[in-house]
There are 2 protein chains.
Amino acid sequence: MNRIITIGREFGSGGRELGRRLAEMINAAYYDREIVSEIAKRTSLSEDYVHQIVEHRPIVAFPIHVGRSFYPMLNPVWDQGQAVYQEQHRIIREMAQKSDCVIVGRCADYILREQRPLRIFVYADMESRIARCRERGEDAGRLDNGETMTDKELKRRINEIDKNRAKYYEFYTGQTWGDRLNYDLCLNTTVREGSHSGCAELSRAASAIARLLE
Amino acid sequence: MNRIITIGREFGSGGRELGRRLAEMINAAYYDREIVSEIAKRTSLSEDYVHQIVEHRPIVAFPIHVGRSFYPMLNPVWDQGQAVYQEQHRIIREMAQKSDCVIVGRCADYILREQRPLRIFVYADMESRIARCRERGEDAGRLDNGETMTDKELKRRINEIDKNRAKYYEFYTGQTWGDRLNYDLCLNTTVREGSHSGCAELSRAASAIARLLE
């Protein structure tokens, strides 16, 4: 049976970085944005559009009026959301059958629940997450016009992304995102000054997790 | 600087067992009930009484009437609770200065926060906790008359003990017990059938944690 590790993560917590290091360490495949590319290929939707679907709350496609409760069935946005989720489901199951793998996000912990993956959740305090976003220097810390976000703006953005992830996860799994009972291990990547033993160092954390899999 | 590991744990989750194994593995001192014995010695209170104080909500010593808000200062039960906490505080700090150590419960994560301990929280689902209580065959699963508790009675007892721990922790630290941001690592010891990778095996978990400390 393949060793499967799924990583749920708060935005800016370093979960992807941890996943990548762990995959290298145990010589496993690493899947993250690759899943989005594969869905795009199979559904003929653009990568950007697929990314938008999987990172946004599916709930937006729902009708607000009670009297229109069958509307989603006829809603093309809703249909696409469903198609993307189904394709994602299929791809993740295929990946898990192929080899040992680390899969970041995308409800993989739930989709693969019968394979009993090692389910990890990575989190950190807001200050560390803001700092990590800035270090990464990605678009996350920039406004649409390219200007750098203030801490307040970045905090709002981080909270919004996580809120969307939570809604997406809850919609497709019926479980609460980040609820510790859904994970085997929750890891705090908050950088603590002067720490000699914390989990701030992702390599050490990855190495510890690798031992769990031995 | 000594390596200090603090373990918060849900009742029946195996946190003490994990702590013991980890202490053996890294050759550190292990403190759990030893702290109660030491407090008893220093305060001349009985061990049972000290245990009762540290496992019960401190709030019981509070007055309900607003008009008697200075009453706690004159309440001998309240005074004893304070004395026990202060002694505990002193003992835990002494222990942490003496050598590498693993300390279970007793707000040690908060008391030693300046020493930056590795803070672990151990938890499991209710079914596993009930099973563990029964396996341990301790008083936890028995009524006062020695009869075995039903699952429902045991569940009520487990919830009550944890509720008291939470109140005690919150009272003395101002933090939420079990809130993941107060810990570096949260570990799920739920026994999952057919699992090849979960954290059910405490030795493997202890070994992984030991690697975090290397």
Side-chain angles (χ1 to χ4, degrees), chain A residues 1-6 10 13 22 25-26 28 100 102 109 112-129 178-214, chain B residues 1-6 10 13 22 25-26 28 100 102 109 112-129 178-214:
Chain A
M1 208 187 212
N2 292 329
R3 291 178 301 179
I4 304 163
I5 300 99
T6 63
E10 287 184 342
S13 68
L22 178 59
M25 219 167 261
I26 64 169
D100 289 356
V102 176
D109 55 327
L112 299 174
R113 63 195 179 284
E114 282 164 20
Q115 276 78 36
R116 308 274 178 212
L118 178 68
R119 303 159 303 169
I120 298 170
F121 188 79
V122 185
Y123 64 99
D125 70 5
M126 185 52 76
E127 203 181 330
S128 300
R129 292 161 68 195
D179 177 347
R180 64 180 176 226
L181 272 175
N182 298 330
Y183 307 94
D184 298 300
L185 195 70
C186 304
L187 200 65
N188 189 349
T189 55
T190 298
V191 179
R192 294 200 294 162
E193 216 176 317
S195 173
H196 75 298
S197 60
C199 296
E201 290 169 37
L202 296 182
S203 288
R204 200 161 46 171
S207 163
I209 295 165
R211 188 167 280 188
L212 274 182
L213 296 160
E214 278 166 10
Chain B
M1 206 189 215
N2 292 329
R3 292 179 301 178
I4 303 162
I5 300 100
T6 62
E10 287 183 341
S13 68
L22 178 59
M25 219 168 263
I26 64 169
D100 288 355
V102 176
D109 54 327
L112 298 174
R113 62 194 178 284
E114 282 164 22
Q115 277 78 37
R116 307 278 178 210
L118 178 67
R119 304 158 302 169
I120 299 169
F121 187 79
V122 185
Y123 64 99
D125 70 5
M126 185 51 78
E127 202 181 330
S128 299
R129 292 159 69 195
D179 177 347
R180 63 180 177 225
L181 273 175
N182 298 330
Y183 308 94
D184 298 298
L185 195 70
C186 305
L187 199 66
N188 189 347
T189 55
T190 297
V191 179
R192 295 201 294 163
E193 216 176 316
S195 172
H196 74 297
S197 58
C199 294
E201 292 170 37
L202 296 182
S203 288
R204 201 162 46 173
S207 164
I209 296 165
R211 188 167 282 188
L212 274 182
L213 297 160
E214 278 166 10

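Just the heavy atoms: all of them, side chains too, but no hydrogens, waters or symmetry mates, feed the values below. Every value quoted in this text rests on a predicted model; they were computed, and no experiment measured them. Letters go in sequence order (proteins before strands), and every chain restarts at 1.
One finds the SG atom of A:C186 at 12.5 Å from the OH atom of B:Y183 (value rounded to the nearest 0.5 Å). Residue A:D125 holds its CG atom at 12.0 Å from CZ of B:R180, rounded to the nearest 0.5 Å.
No donor-acceptor pair closer than 3.5 Å links the side chain of A:Y123 to the backbone N or O of B:L181. Put simply, the side chain of B:R204 never gets that close to the backbone of A:L213: no donor and acceptor are under 3.5 Å apart. A donor-acceptor contact shorter than 3.5 Å is absent between the side chain of A:R211 and the backbone of B:I209. No donor-acceptor pair under 3.5 Å is formed between the side chain of A:N188 and the backbone N or O of B:L185.
Heavy-atom distances place the side chain of A:E10, and not its backbone, under 4.5 Å from chain B.
Heavy atoms only, all atoms of each residue included: B:A205 and A:L212 are closest at CA-CD2, 3.8 Å.
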